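Shown next, in structure tokens, is the structure this report addresses.
Note that the structure is predicted; figures quoted are calculated from it, not measured. Numbered from 1 within each chain, the chains take letters A, B, ... in sequence-line order.
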Amino acid sequence: MTASASPSAPSAPSKTTSSASNPLILMSSTPARVRFAPSPTGYLHIGGARTALFNWLYARHIGAIFVLRIEDTDAARNTQEATDVILRGLRWLGLDWDEGPVTGDPTGPSRGDRGPYFQSQRGTIYKRRIQELKDRGLAYDDAGAVRFRMRRDPVVIHDQIIGDISRALTDREQEDPDFVIVRSDGLPVFHFVNVVDDIEMGITHVVRGEDHVSNTAKHIALFEAFGVQPPAYAHIPLILNPDGSKMSKRDQGASIQTYIDDGYLPDAVTNYLSLLGWTPKEGGELFTKEEAAQRFELGDVHRSNARFDMKKLEHFHFEHVRRIAPARFVELGVDTLRRLGVNVDAFPPAYTAAALTSVQEKGKLFRELPTWVDFFFLPDDALNFDPEAKAKALVPTARPLLEKLRERYASLADFTATALEAALKQLATDLAVKAGPLVQPCRVACTGRTVGPSLYHLLEILGRERVLARLDHAIAAIPAT
RNA sequence: GGCGCGUUCGUCUAUCGGUUAGGACACGGCCCUCUCAAGGCUGAAAGACGGGUUCGAUUCCCGUACGCGCUACCA
């Protein structure tokens, strides 16, 4: 069987509307409901973000309601701040939810009528459901805990991605098949609350990490115990470290915050993430999440884990950043520069915009922006010459060249990129030298570095006054012979 | 140990039994060039292993190896 082949039963549609194989959905006029149910651990894991993304893509593709539920049963560890981190991460990625919390406050406002959307607020619901199982003889007290009467025969999971899986009891489970659903301290466990919430919230599709496949047998048994048809399941492959090991909290790039801090474009992150474990049938690699949502099919999701490749993510950032509207780039750039302490507000907005736009095509991470444009915002006599650049370009032989260049630029009629280029090349011809010996010292004189935006454009943006001042300053800084 | 899932270039992947096994990132070379890039051209690079089935297997089946997940009164 190929990776893209349909794992479904012969009679079931191979793709598109996996919900069509679910009578519950077919017969109902209520829309499908999809959910992302993170536990607030203090950070949003890249794998969790991708799970959220796939849920979002699928929900948007089929027009389902996307529900966000916070699984904060561990009161000690789950703080409001920890939940805020998740919400912030999802919002940054642009993954909006139709129902769920508005803030990280469990008792705060929420959207939707199936709440509360924090498990910490759903205690009475769980108690009622426990009693229901007990009344039916499907759960019983055991040493202070409550156990569920698990079925002993293999459970078949109809997974939309993996296909049919028959999950038999393990050796340990054979000895003790009835698993705990309420701990002796009174707290219901994950398997139980997860299923109860999915029932109460009317979840029709569960899209989650492959690490839950084995658990799904328990969940299905629980659904059956409640007399409810289980949702359609889709288990997506995991994201691994570059070396193939499991990506954990400490690993580089594990937290979404990394990408926020480094200044990646959210669309680049979602684009890259969507391609880790999914390929659109129609082909193509570069797209927005909205475009991805149009094409997203669970049947096209892969079955094997993928390793994370930061270089490729950077490439997607490069491609996306060059495509966004200049105004948007400027907006993001100004935010970043302010945050990193560059004094942009002392300059006219048009100047700042021009300065930033000159490097948009470089496609750099926003965090790297100061390296490329900080010279625009420094006093003319306070440029920090990169030592290597200075040693290489601001040498005695460059002095007469710079002096001549200053002369020409001082008397230039139009201080525009084309005129600046023409004047420099004319001077090179007149002096019988190549352009390089003029270009490099001029660049270092005006920017302090050997790399940067296009020289003539940068000069035009700086303007005659600054350029002449910088040339003077550089000429004075050239060591005597 | 048990129960599951997986295995195509370094990485992400295409391939619905017959292909010179294609693309992207990364890497090398050439061209272009005001720096760095970008762009164009180009190079190297893959079917884990062993059995079947078949006229023919990367593709279907079995086994082995390896990887991953689960195996909690964690989620």
Side-chain angles (χ1 to χ4, degrees), chain A residues 1-6 14 37-41 71-74 77-78 119 142-147 154 157 159 161-163 165-175 179-191 193-194 209-218 235 237-238 240 242 244-246 272 275-279 281 283-286 302-316 318-319 322 359 361-364 371-372 389 393 417 420-421 424-425 428 434-436 438-440 442-444 447 449-459:
Chain A
M1 195 192 298
T2 62
S4 59
S6 165
S14 61
S39 177
T41 53
E71 307 220 327
D72 59 339
T73 51
D74 186 342
R77 195 174 51 181
N78 301 325
Q119 290 186 331
D142 175 45
V146 179
R147 285 180 181 273
I157 303 159
D159 193 279
I161 293 167
I162 302 170
I165 303 160
S166 178
R167 163 82 225 274
L169 256 35
T170 67
D171 53 355
R172 289 179 207 178
E173 287 168 340
Q174 303 251 18
E175 290 171 26
F179 59 93
V180 169
I181 52 177
V182 181
R183 307 191 305 216
S184 49
D185 64 4
L187 272 183
V189 305
F190 160 75
H191 301 301
V193 296
N194 192 265
E210 190 187 79
D211 49 338
H212 285 294
V213 171
S214 293
N215 294 331
T216 305
K218 290 182 173 126
H235 288 92
L238 272 21
L240 271 24
S245 63
K246 183 185 176 183
Y272 175 65
L275 254 13
L276 276 188
W278 174 67
T279 311
K281 259 281 181 288
E285 288 207 311
L286 195 68
H302 310 322
R303 300 165 63 170
S304 53
N305 298 340
R307 302 181 189 209
F308 193 81
D309 183 358
M310 196 71 82
K311 278 285 200 295
K312 188 143 187 177
L313 203 210
E314 280 177 31
H315 172 74
F316 278 106
F318 168 84
E319 296 289 359
R322 313 176 91 208
V359 295
E361 59 162 17
K362 302 290 181 188
K364 297 292 176 183
T371 310
W372 290 82
L420 287 156
E421 176 169 10
L424 185 142
K425 292 202 162 148
K434 290 189 169 183
L438 282 166
V439 166
Q440 277 306 74
C442 181
R443 172 180 292 284
V444 174
T447 73
R449 297 194 178 88
T450 54
V451 301
S454 162
L455 178 67
Y456 311 112
H457 290 91
L458 126 211
L459 294 177

From B/C12, B/C73, B/A75, pick the nucleotide closest to the side chain of A/Ala306?
-> B/C12
Rounded interatomic separation in angstrom, taking CD1 from A/Ile181 and P from B/C74 | 14 Å
Considering only the C1' atoms, how many Å lie between B/G47 and B/G4, rounded to the nearest integer?
-> 25 Å
Mate of B/U64 where both pairing distances stay under 3.5 Å, Watson-Crick or G-U = B/A48
Could you give the distance separating B/A14 and B/A46 at their C1' atoms, to the nearest angstrom?
-> 13 Å
Gap separating the OG1 atom of A/Thr450 from the CZ atom of A/Arg443, nearest 0.5 angstrom | 8.0 Å
Can you tell me, in whole Å, how much space there is between the P of B/G28 and that of B/C36?
-> 15 Å
Quick one: does A/Lys312 reach the base of B/A24 with a side-chain donor-acceptor pair under 3.5 Å?
-> yes
Hey, what do you get for CD (A/Glu175) to OG1 (A/Thr170), rounding to the nearest 0.5 Å?
-> 8.5 Å
What string of B, S and - do you get for nucleotides 65-72 of chain B, 5' to 3', if B is base contact, S is sugar-phosphate-only contact and - is no contact with any protein heavy atom under 4.0 Å?
-> ---SBSSS
Enter the distance from A/Leu458:CG to A/Trp372:CH2 here, rounded to the nearest 0.5 Å.
-> 11.5 Å
Please check the phosphate of B/U35 (OP1 and OP2 only) for any side-chain N or O of A/Thr447 closer than 4.0 Å.
-> no
Give the rounded distance in Å between these two atoms: CD of A/Glu421 and P of B/U35.
-> 11 Å
Given the rule in the side-chain contact (heavy atoms from CB on, under 4.5 Å) test, do A/Phe318 and A/Glu361 qualify, once you have shown the distances and angles that lead to the verdict?
-> CA-CA 8 Å; A/Phe318 168 84; A/Glu361 59 162 17; over 6 Å; no
How far does CG of A/Asp159 sit from CD of A/Glu210, to the nearest 0.5 angstrom?
-> 9.0 Å
Check whether the side chain of A/Lys362 and the base of B/C36 form a donor-acceptor pair under 3.5 Å.
-> yes
Is A/Lys311 near enough to B/U11 that one of its side-chain N or O atoms lies under 4.0 angstrom from OP1 or OP2?
-> no
Donor-acceptor pair, A/Asn305 side chain versus A/Leu238 backbone, under 3.5 Å?
-> yes
When rounded to the nearest Å, what value does the distance between C1' atoms of B/U13 and B/G69 take?
-> 23 Å
Go ahead and name the base partner of B/G18; Watson-Crick or wobble counts if both distances stay under 3.5 Å, otherwise write none.
-> B/C55
Could you say whether A/Lys425 or A/Gly144 is positioned toward the 5' end of RNA chain B, judged by the nucleotide with the nearest heavy atom to each?
-> A/Lys425
May I have the distance from A/Leu276 (atom CG) to B/U11 (atom P), rounded to whole angstrom?
-> 13 Å
Where along nucleotides 38-46 of chain B does protein come under 4.0 Å, by heavy atom, of base (B) or sugar-phosphate alone (S), with - for untouched nucleotides?
-> S--------
OP1 or OP2 of B/C25 under 4.0 Å from side-chain N/O of A/Arg307 = no
When the P atoms of B/C61 and B/A75 are considered, how many whole Å apart are they?
-> 38 Å
Measure from NZ on A/Lys434 to P on B/U35 and round the result to the nearest Å.
-> 12 Å
Picking from B/U35, B/U7, B/G4, the nucleotide nearest the side-chain atoms of A/Gln440 would be B/U35
Distance in Å, A/Ser39 OG paired with A/Asp72 CG, rounded so as to fall on 0.5 Å steps | 7.5 Å
B/U19 and B/G1, which share atom name C1', separated by this distance in whole Å = 45 Å
In whole angstrom, what separates A/Phe308's CZ from B/C25's P?
-> 17 Å
Along RNA chain B (nearest heavy atom to each residue), the more 5'-positioned of A/Gly452 and A/Phe190 | A/Gly452
Could you state the CG-P distance from A/Leu438 to B/U35, rounded to the nearest angstrom?
-> 13 Å
Atom pair CG/CG of A/Leu275 and A/Asp309 - distance to nearest 0.5 Å | 12.0 Å
Between A/Phe316 and A/Tyr272, how do the two ring planes meet: parallel, tilted or perpendicular, split at 30° and 60°?
-> tilted
Between B/A37 and B/A26 - P atom distance, rounded Å = 12 Å
Can we say A/Lys364 and A/Glu314 salt-bridge, meaning some charged N sits less than 4.0 Å from an Asp/Glu carboxylate O?
-> no
Between atom CZ in A/Arg443 and atom P in B/C34, what is the gap in whole Å?
-> 11 Å
So do the side chains of A/Leu455 and A/Leu459 get within less than 4.5 Å of each other, counting heavy atoms only?
-> yes
Would you kindly give the CD-to-P distance between A/Glu285 and B/U11, to the nearest whole Å?
-> 16 Å
What nucleotide, of B/C34, B/A14, B/A75, holds the atom closest to the side chain of A/Thr279?
-> B/A14
What distance, rounded to whole Å, do you find between the two P atoms, one in B/U7 and one in B/U58?
-> 16 Å
